[in-house]
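The chains referred to below are lettered A, B, ... by the order of the sequence lines, with proteins before strands, and numbering in each begins at 1.
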There are 2 protein chains.
Amino acid sequence: MRAALRVIDTEGDRALSMRRVAAELGVYPTAVQHHVNTKEQLLVAVSDAVLDEMVMPSPDVDWVEWLEVFSAQLRAVLHAHPNVVPVMAARLRVATGAFTLSEQLLAALAGAGFTGAALRGAYNSVIGFVFGWIFTELAAEPAADEDAWRQDLRSRLERVDPAEAPTLAVHVDDLRNRAFMMRWMSGQSNPLDDSFEFAVRVMVSGLQAQLDRQ
Amino acid sequence: MRAALRVIDTEGDRALSMRRVAAELGVYPTAVQHHVNTKEQLLVAVSDAVLDEMVMPSPDVDWVEWLEVFSAQLRAVLHAHPNVVPVMAARLRVATGAFTLSEQLLAALAGAGFTGAALRGAYNSVIGFVFGWIFTELAAEPAADEDAWRQDLRSRLERVDPAEAPTLAVHVDDLRNRAFMMRWMSGQSNPLDDSFEFAVRVMVSGLQAQLDRQ
DNA sequence: ACCTGAACACCGTTCAAGT
DNA sequence: ACCTGAACACCGTTCAAGT
C-alpha cells in the first residue's frame, strides 16, 4: 500500500492508522480493511515494499566485495525509510515472500566455500548482523516533547565520573552521540557511517577466519 | 513497573495498555498515569528493567572469553523476556541511564588493545551485532490466527524451484525454520543456538583480525 | 469487487475533584 | 503524594447495506 508508506515516511510509525490511511486516500476507514484485512498485514506489506527496493550486488564479484556492497545497499534502503525500520525489526513475517535475497546471499557464501552447518551459520550471521546492526542504528527517537531526556543524557556525558566509569571517562569524547547507548539522536539524523564500515570489516574478516579453520 | 512486565511477559506486547496495567493493580487507569506520565515512558522503564537483569562477565577473564560470556548472558536475559524484545528494539531511549554495561564493555575492548576510532568501532560492532542479532532472532510471531501464513511458508519451502533458487534448493533441508527469512517460528519457541554461537565466533575472530592489522 | 455508514469495545490522555 | 471519576478524541474491527 503506497499511501501507508507515504504516511509512515512523512509522519512516523506512531501516526499510521487504518483511518489515517483511509483519509490519505479520501475513502472510508472500512474501505481500507477491504483491501488489507488487518493492520498487521498492512505493516508487513509496507516492510516488504521497502525491502523490495533493495538492489542486490552482482553475483560476479568476489564474495568479500559482494558482502560489502550488500551491506551498504541494505543500509541505504533502510536509511531511505527510517520510520519503517522499527516496524520491520519487530516482526518475523517480513521478507518471507520471495526467496531472492536469501538465494543470492546463499550463493555468495557457498561460492566463498561455506557448506552444511557453516553455510547456515554464515548466512544467519550476515542477516542477523547487518539487519540487526542497522535496526539498532535506526531505533526510533522519543517523541518530540521529550528533550528533557536528551538534555539529561548530554549533561551526564559531559561529566562522567572517572571513579565510576574510568574507561568511559577517558574515551567519552570519541563516543558522545556516536556510540550505542550514548546517543540522543537516532541514525536517521546522526548516521554512524564509520562504525558501520568497521563492523562490516569485522564481519567479513570473521567469516574469512571461519573459512580458514575449515 | 513490575505489573507491566508481568502483563507483557504473559500476554504479549500487543496486550499491554495503561488500562490493562491499572486493572492488574486493581486501580483506576489514571492512577497509573500519575506514576509514569506516558505509555512511552512505561515501555522504556520495562525495557530497562529487563536489561537490569543482565549479569556482566568478570573483568578478570581474557577479552575473548569476556565477549563470549557477555553475548551468552545477554541472550539469556532477552530470551527470558522475549515479548519485551520487539519493544526494546524499536526505541533509542533504552539503557541510557547508567553506563555500567558500556563501561565494562569498553574496558574489555580497551584491555584487548583497541584505542581511538577502533575502540568506538569495536564497541559499536559488539553492541550492534549482539543486540541486533538477538533482536532479529526474537522478532514477534504473527498473531495466533495467521497460521495460513505459516502453512504457506512451510509448503513453499517444501518445493523450492531449483531453476529459480538453485543454491537454496540444495541446502533447504539445513535451513528450513532454522534460518532468518525462512522461519515460521520465532526464537522464543525455536532458538537458533548453534547459529548464535557461530555468529559470536565470527564477531570475535573478526575483532581479532582488526587488532592484528593495527 | 468495492465502498458506505453505523456501531462496538477499547485506547491514551486531560482535567477537576477528592483524601 | 496519590487516587477517583467523567470526559475527549482516537483507534481497529464487525456487520449490514448499497452499487
Contacts of A/Arg93 that satisfy side-chain hydrogen bond (donor to acceptor under 3.5 Å, both in side chains) - sequence neighbours left out:
B/Glu146
With 3.5 Å as the limit, what N/O pairs link the protein to nucleotides 5-7 of chain C?
residue, atom, partner, partner atom, Å
C/dG5, OP2, A/Tyr28, OH, 2.5
C/dG5, O6, A/Thr30, OG1, 3.3

Which whole-number value in Å describes the distance from A/Met18 CE to C/dA9 C1'?
18 Å
Which stems does DNA chain D form, counting runs of 3 or more consecutive Watson-Crick or G-U wobble pairs with both distances under 3.5 Å?
C:4-8 with D:12-16, C:12-16 with D:4-8
Can you name the residues that form a side chain to side chain contact (heavy atoms under 4.5 Å, CB included) with A/Ser189, not counting sequence neighbours?
A/Glu141, A/Met185
Kindly write out the residues that satisfy side-chain hydrogen bond (donor to acceptor under 3.5 Å, both in side chains) with B/Ser186, not counting sequence neighbours, or none if the list is empty.
none
Which residue pairs pass the ring-ring contact (aromatic ring centres under 6.0 Å, His included) test when at least one of the two sits in residues 170-202 of chain A, sequence neighbours left out?
A/Trp133-A/Phe180, A/Trp133-A/Phe196
Please walk me through it: do A/Glu24 and A/Arg20 pass salt bridge (charged side-chain N to carboxylate O under 4.0 Å, His left out)?
CA-CA 6 Å; A/Glu24 183 79 8; A/Arg20 179 68 191 78; 3.2 Å; yes
Without decimals, in angstroms, what is the distance between A/Leu42 CG and D/dG12 P?
9 Å
Does anything in residues 33-41 of chain B reach DNA chain C, meaning a heavy atom under 4.0 Å, and if so which residues?
B/Gln33, B/Thr38, B/Lys39
A/Asp161: what forms a side chain to side chain contact (heavy atoms under 4.5 Å, CB included) with it, not counting sequence neighbours?
A/Ala163, A/Glu164
side-chain hydrogen bond (donor to acceptor under 3.5 Å, both in side chains) partners of B/Asp48, counting only residues at least two apart:
none
In whole Å, I'd like the distance from the CZ atom of B/Arg14 to the P atom of C/dC10.
18 Å
How would you list, by chain and number, every residue that makes a side chain to side chain contact (heavy atoms under 4.5 Å, CB included) with A/Gln104, sequence neighbours excluded?
A/Met56, A/Trp66, A/Thr100
For B/Val69, enumerate each residue passing the side chain to side chain contact (heavy atoms under 4.5 Å, CB included) test, keeping only those at least two apart in sequence or located in another chain.
B/Pro57, B/Glu65, B/Gln73
Which is more 5' along DNA chain D, the nucleotide nearest B/Ala31 or the one nearest A/Leu16? Just name the residue.
B/Ala31
Pairing residues for A/Arg91 by the salt bridge (Lys or Arg N to Asp or Glu O under 4.0 Å) criterion, not counting sequence neighbours
A/Glu40
